[in-house]
Every structure is written in structure tokens, then in C-alpha cells.
Enquirer: 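Please find one structure pasted underneath; my questions will follow.
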Amino acid sequence: MAEPTASIRADVVDRDTEHSSSNDATPPREHIALGDALPYVAATIGALWMFRSVFSGQLPGNIGDARWTVALHEHWYRVWQGDAALRDLPSFYPVEGTLGTSDAFFAQGQIYAALRTFGAGMIDSWTLTQFLTFLFGTLGLAALSRRTLTTVWGRVAFVALCATSYPVYLQLGHVQLFAIFWPAWIIVAAIDFAADRRRVLSATVLAVLPPVLALSSWYVFVLFFLLTALFLLV
């Protein structure tokens, strides 16, 4: 009877040792959660950094584009208030159907209209809308980094370098380019769909986001389309 007992005890010890080793090899859950969150933290900090002039009283964009887009955003608010026709911009009165001759700012206009509806002023609504537009893109970079890079700090570096790069900073004078990183979400959806992850959500993003981008930031949409076509051809 002694030998079977010893054998059972040995098996128990072996299983405990194996279980302990597997636990030691798995990072603590809180470390995993922190690692997943850091790219998004970097995306938020990067967006705040690029809009830091707002905190000193300067509006984003240059004097030409900024003034023009304030009027476009206000048009969307007037449409939802029932005070303007969808495609008729008062800037070109009496010519009708002029919305879309430049960037229509469709998505941005809905954010702006909601802020105005809740009582925010014209300039505050416009400024916050531009920040949220840019932030949505940098968060897309964070999501993309999680699907393409393996290390946490590599992901953080990728997000920070893209979001705060000097070429991007130079182009932030043009409000119509604040959605420059939105295509990252399209790429994320394509990766997820190909990997059979969240297929309904990813298919919805692939179907909805490109036309929304085209209606919101035409320049970004055309640039992304041309680069995607070049990538597929090569």
C-alpha cells in the first residue's frame, strides 16, 4: 500500500508544480489591462498635445479654412433646426445645391449640431468638434497598433510618432485634414474581418465609414483610396 500512496503524492506534487509554473509564465491581469490601455492613453495625450494652442486661446486651423468651416458647421445646426435646406449654403445665395462643392463635414457637422443643441456656443462647439475629430483618428492608430505590433512600447511609440509628427502638425492648419487618421479604423475593420473577428461590427465599419469619410473629409478619403489602390497594385 505504501507504493501507490507515494505515487499519488508524487503526481499531486508534479501537477502543483506544473500549475505554479504556468501561473508564473502568465502576466498578471492588471499588467495586461495596462498594456492594452497605454496606446489609447498615448493617442489621447498626442491629440491634446497637437491642440495645445487651444489652451492659450488660439483656435485650431488657419484663418482662411477655420472661418469657412465654422460657417459650414453652423449650416448643419441650422439644418437640424429647420432653418436651412440641406444643400443650400447661405454663403452662395441665391445659388442652390452648393453643399458638397467643398468638404461637406458631414460627421463633424452632426457633432457640432449636437453640442449647439445642448447650449454650447458657436466657437466652443466648433473647437471641441475639431478636437474630437482628430482624437477619433488617433484612437484608430492605437487600435491599429494593437493588431500589428507585438510589444506595448512599440505600440505606444507608433501612436505617439504618428499623432505628433511634424508633417501632421504642419497640415493641421487645414481643418479639412483633421480626419487624417480615420482610415486607421477602416484598416482595423479589414484586419478583423479577414481574421474572422467581430465580423458583423467590422463589416458594418467597412460599409459605413468610407462613405462617411468621403462626406466628411474628401481630401483624406481620396488620398486613402489612392494609397490603397497603389498598395494593392504593388
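Residues: numbered from 1 along the sequence shown.
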Enquirer: Any side-chain heavy atom of N62 sitting closer than 4.5 Å to one from H174?
Expert: yes
Enquirer: Under the 3.5 angstrom rule, does the side chain of W182 hit a backbone N or O of F134 as a donor-acceptor pair?
Expert: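 Such a contact is absent between W182 side chain and F134 backbone.
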Enquirer: Is a side-chain N or O of R155 found less than 3.5 angstrom from the main chain of P39, in a donor-acceptor match?
Expert: no
Enquirer: How would you list, by chain and number, every residue that makes a side-chain hydrogen bond (donor to acceptor under 3.5 Å, both in side chains) with W126, sequence neighbours excluded?
Expert: T69
Enquirer: Go through the structure and list residues passing ring-ring contact (aromatic ring centres under 6.0 Å, His included) with F131, not counting sequence neighbours.
Expert: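 Residues passing ring-ring contact (aromatic ring centres under 6.0 Å, His included) with F131: F51.
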Enquirer: Between D83 and R78 (side chain of the first, backbone of the second, donor and acceptor by atom type, cut-off under 3.5 Å), is there such a pair?
Expert: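 Side chain of D83 to backbone of R78, a donor-acceptor pair under 3.5 Å: no, none is there.
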Enquirer: Would you say that more than 12 heavy atoms from the other residues, nucleotides or ligands in this model lie under 6.0 Å from the OH of Y166, or not?
Expert: no
Enquirer: Answer yes or no: is there a side-chain heavy-atom contact under 4.5 Å between F224 and I187?
Expert: yes
Enquirer: Tracing side-chain links under 4.5 Å among I, L, V, M, F, W and Y, which residues wind up in one group with L233?
Expert: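 L233 clusters with nothing; isolated.
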Enquirer: Indicate whether any N or O donor in one side chain lies under 3.5 Å from an N or O acceptor in the other, for H73 and Q110.
Expert: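 Result is no, nothing qualifies.
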Enquirer: If I take atom CZ from residue F106 and atom OG from residue S216, how far apart are they, to the nearest 0.5 angstrom?
Expert: 6.5 Å
Enquirer: Say you draw a straight line from CG of L177 to OG of S217; how long is it, rounded to the nearest 0.5 Å?
Expert: 6.0 Å
Enquirer: Please examine the side chains of R116 and W80, heavy atoms only from C-beta on, and report whether any two atoms are closer than 4.5 Å.
Expert: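 Counting from C-beta outward, W80 and R116 never come under 4.5 Å.
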Enquirer: In the structure I gave you, are the side-chain heavy atoms of L172 and P60 within less than 4.5 Å of one another anywhere?
Expert: no
Enquirer: Is there a donor-acceptor pair under 3.5 Å between the side chain of R52 and the backbone N or O of W49?
Expert: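 Answer holds: yes.
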Enquirer: Would you say the side chain of R197 lies within less than 4.5 Å of the side chain of I191, judging by non-hydrogen atoms?
Expert: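 Yes, close enough: below the 4.5 Å cut-off.
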Enquirer: Tell me, please, which residues at least two apart from R199 pass side-chain hydrogen bond (donor to acceptor under 3.5 Å, both in side chains).
Expert: D196
Enquirer: When rounded to the nearest 0.5 angstrom, what is the spacing between CG in L99 and CG in L72?
Expert: 7.0 Å
Enquirer: Counting distance only, does the side-chain N/O of S125 pair as donor-acceptor with the main-chain N or O of M122 below 3.5 Å?
Expert: no
Enquirer: Supply the atom-to-atom distance L89 CG to L86 CG, rounded to the nearest 0.5 angstrom.
Expert: 9.5 Å
Enquirer: Would you find a donor on one side and an acceptor on the other, under 3.5 Å apart, between the side chain of T138 and the backbone of L135?
Expert: yes
Enquirer: Other than V200, which residues form its hydrophobic cluster under the rule that side-chain heavy atoms must be closer than 4.5 Å?
Expert: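 Listed partners: none, V200 stands alone.
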Enquirer: Rest of the hydrophobic cluster containing I45 (Ile/Leu/Val/Met/Phe/Trp/Tyr, side-chain heavy atoms under 4.5 Å)?
Expert: V41
Enquirer: Does a sphere of radius 6.0 Å around OH in Y219 hold more than 12 heavy atoms from other residues, nucleotides or ligands, not counting ones at 6.0 Å or beyond?
Expert: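 No - once you tally the heavy atoms of other residues, nucleotides and ligands closer than 6.0 Å, there are 12 at most.
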Enquirer: Starting at CH2 of W68, measure out to CD of Q176 and round the result to the nearest 0.5 Å.
Expert: 11.5 Å
Enquirer: Are any of the side-chain heavy atoms of R87 and E96 separated by less than 4.5 Å?
Expert: no
Enquirer: Do L139 and T44 come within less than 4.5 Å of each other through their side chains, counting heavy atoms only?
Expert: yes
Enquirer: After noting the C-alpha distance and the side-chain angles of V175 and F105, does the key distance pass the side-chain contact (heavy atoms from CB on, under 4.5 Å) rule?
Expert: CA-CA 10 Å; V175 178; F105 293 93; 4.2 Å; yes
Enquirer: If you define the side chain from C-beta out and look only at heavy atoms, does anything of F181 sit under 4.5 Å from F136?
Expert: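 Answer no - side chains too far apart.
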Enquirer: In Å, rounded to the nearest 0.5 Å, how long is the span from CH2 of W185 to CG of L209?
Expert: 10.0 Å
